[in-house]
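Okay, structure first, notes after.
The model shown is predicted, which means the values in this text are computed figures rather than measured ones. Below, chains carry the letters A, B, ... as their sequence lines are ordered, and counting in each starts from 1. No hydrogens, no waters, no symmetry mates; every other heavy atom, side chains included, goes into these values.
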Amino acid sequence: MPAPGGQLPDLSHPAVEVAPQLLGCVLRRGKHAGVIVEVEAYGAEDDAASHAYRGPTPRTEAMFGPPGGLYVYLIYGMHLCANVVCCDEGIGGAVLIRALRPVTGLAGMRRNRPKAASDDQLCSGPGKLTAALGIRKGDDGLNLTTGAVRLEPGERVDTCDIVTGPRIGISKAVERPWRFAVANDANVSRPRPVAR
DNA sequence: CGTTTGATGCTCT
DNA sequence: GAGCATCAAACGG
């Protein structure tokens with residue numbers, strides 16, 4: 001069930017449960033902010049695709065921290081991915097933010113992403129949105145309520161407007177339909193999920 | 001140690 | 001649709 005507008009989901013719950021509830025919430029860094037329109041859940045029991053699968057390491061430490069934290073990591077040597085840490089401390093669960101609909105600080109985001117062909121491609125991917133918002137490696141582990149990067153209540157997203165599908169870019173546990181997105185939103189990365 | 005592989009994005013064909 | 005950039009973990013010997 002998606003979170004009603006005006007409040008955040010309970011982040012101490014499992015990632016698969018929290019993920020769809022984050023749709024409609026706002027991710028902000030300074031003046032740059034956008035509504036979350038696409039996410040993926042990681043770190044449930046036996047999830048071989050999760051960075052938490054083999055226990056904590058220096059890189060994944062934030063994923064095992066308290067819910068409501070930010071997990072940032074470098075992927076493919078050049079892009080950063082941002083995750084909302086959820087589940088109880090020590091479990092190692094997080095929700096990858098895959099796409100945003102930009103709402104404030106558009107001019108700054110365009111400067112951060114000069115190659116984006118249009119505004120709906122500013123944040124249409126996990127590496128794109130971290131660049132657009134200006135999220136950096138040093139933001140890893142900070143608190144999303146008090147830190148430089150914040151998670152804020154946003155708009156309500158109706159359950160029937162949420163589509164699901166397999167997670168993107170993984171080679172393990174590919175069959176799990178743990179990608180969630182707002183249906184018919186131009187900011188969602190490709191391929192667009194179709195299933196309900 | 002050396003080698004492979006990524007929760008990606010951009011360019012060129 | 002294929003290839004590449006670029007580097008830190010993970011993995012095998």
Side-chain angles (χ1 to χ4, degrees), chain A residues 11 14-20 22-23 27 32 34 36-65 67 69-87 91-102 109-141 144 149 151 163-182 186-193 195:
Chain A
L11 299 177
V16 188
E17 190 178 321
V18 170
L22 284 175
L23 297 175
L27 190 68
H32 307 144
I36 298 172
V37 295
E38 182 187 355
V39 295
E40 280 176 4
Y42 285 91
E45 194 76 19
D46 265 3
D47 182 12
S50 169
H51 289 172
Y53 187 56
R54 289 159 215 287
T57 67
R59 177 179 61 150
T60 64
E61 194 182 330
M63 231 181 133
F64 291 85
L70 179 69
Y71 169 45
V72 177
Y73 68 91
L74 181 69
I75 187 65
Y76 294 114
M78 63 197 85
H79 303 293
L80 295 173
C81 290
N83 300 250
V84 172
V85 175
C86 58
C87 314
I91 301 294
V95 176
L96 171 70
I97 310 301
R98 285 195 60 91
L100 305 175
R101 177 169 70 257
M109 289 197 239
R110 290 187 198 108
R111 278 197 300 277
N112 289 342
R113 279 192 36 75
K115 294 180 179 181
S118 61
D119 285 354
D120 55 21
Q121 288 171 56
L122 236 28
C123 298
S124 60
K128 296 177 185 178
L129 83 263
T130 53
L133 295 190
I135 289 174
R136 16 181 187 288
K137 192 75 189 296
D139 294 333
D140 180 49
L144 285 167
V149 179
L151 182 66
V163 290
T164 69
R167 295 175 290 182
I168 303 299
I170 58 171
S171 62
K172 298 163 189 168
V174 290
E175 75 288 352
R176 304 190 182 188
W178 288 351
R179 179 183 183 214
F180 303 88
V182 175
N187 302 271
V188 171
S189 68
R190 290 188 157 85
R192 306 269 181 80

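Contact annotation for A:Leu96: base contact, defined as any heavy-atom pair under 4.0 Å involving a base atom. When heavy atoms are screened at a 4.0 angstrom cut-off, A:Arg113 is found touching the sugar-phosphate backbone but no base atom. Within 4.0 Å of A:Thr57, counting heavy atoms only, lie sugar-phosphate atoms of the nucleic acid but no base atom.
Across B:dA7 and C:dG1, the matching P atoms stand 22 Å from one another, rounded to whole Å.
When the nucleotides B:dA7, B:dG9, C:dA8 are ranked by their closest atom to the side chain of A:Leu74, C:dA8 comes out on top. Closest to the A:Arg54 side chain, of the nucleotides B:dA7, B:dC10, C:dA10, is C:dA10. The side chain of A:Cys81 lies closest to B:dT8 when the candidates are B:dT8, C:dC7, B:dG9. If you check B:dG9, C:dA5, B:dT8 against the side chain of A:Arg98, the one that comes closest is B:dT8. Relative to the side chain of A:Met78, the nucleotides B:dA7, B:dT8, C:dT6 differ in distance, and C:dT6 lies closest.
Judged purely by atom type and a 3.5 angstrom limit, A:Asn83 has no side-chain atom pairing as donor or acceptor with the backbone of A:Val85. Within the 3.5 Å criterion, the main-chain N or O of A:Val188 finds no donor-acceptor partner in the side chain of A:Arg98.
The separation between A:His51 atom NE2 and C:dC7 atom C1' is 14 Å, rounded to whole Å. Between the C1' atom of C:dA9 and the CD1 atom of A:Ile170 lies a distance of 18 Å, rounded to the nearest Å. Straight-line distance from the CZ atom of A:Arg59 to the P atom of C:dC7: 16 Å, rounded to whole Å. Rounded to an integer number of Å, the gap from NZ of A:Lys137 to C1' of C:dA9 is 11 Å. In this structure, CE of A:Met63 is placed 10 Å from C1' of B:dA7, rounded to the nearest angstrom. The separation between A:Arg190 atom CZ and C:dG1 atom C1' is 15 Å, rounded to whole Å. Between A:Tyr73 atom OH and C:dA9 atom P the separation is 13 Å, expressed in whole Å. One interatomic measurement links the two molecules: OH of A:Tyr76 to P of C:dG3, which rounds to 16 Å at whole-angstrom precision.
Across every strand in view, B:dG2 sits in a pair with C:dC11 that passes the Watson-Crick or G-U test at under 3.5 angstrom. C:dA5 is paired with B:dT8 under the criterion used here, namely a Watson-Crick or G-U wobble arrangement in which both key atom distances are under 3.5 Å.
Taking the 5.5 Å centre cut-off and the 30° plane limit, the aromatic side chain of A:Tyr42 is classed as stacked on B:dA7.
Between A:Ile75 and A:Lys172, the residue anchored nearer the 5' end of DNA chain C, judged by the nucleotide with its closest heavy atom, is A:Ile75.
At least one side-chain heavy atom of A:Thr60 sits less than 4.5 Å from a side-chain heavy atom of A:Tyr71. Looking only at side-chain heavy atoms (C-beta outward), A:Leu23 and A:Val39 come within less than 4.5 Å of each other. The side-chain heavy atoms of A:Val72 and A:Thr130, taken from C-beta on, include no pair separated by under 4.5 Å. Here the side chains of A:Pro102 and A:Asn187 are in contact, with some heavy-atom distance below 4.5 Å.
Put simply, A:Ser171 has no side-chain N or O that comes within less than 4.0 Å of OP1 or OP2 on B:dT5.
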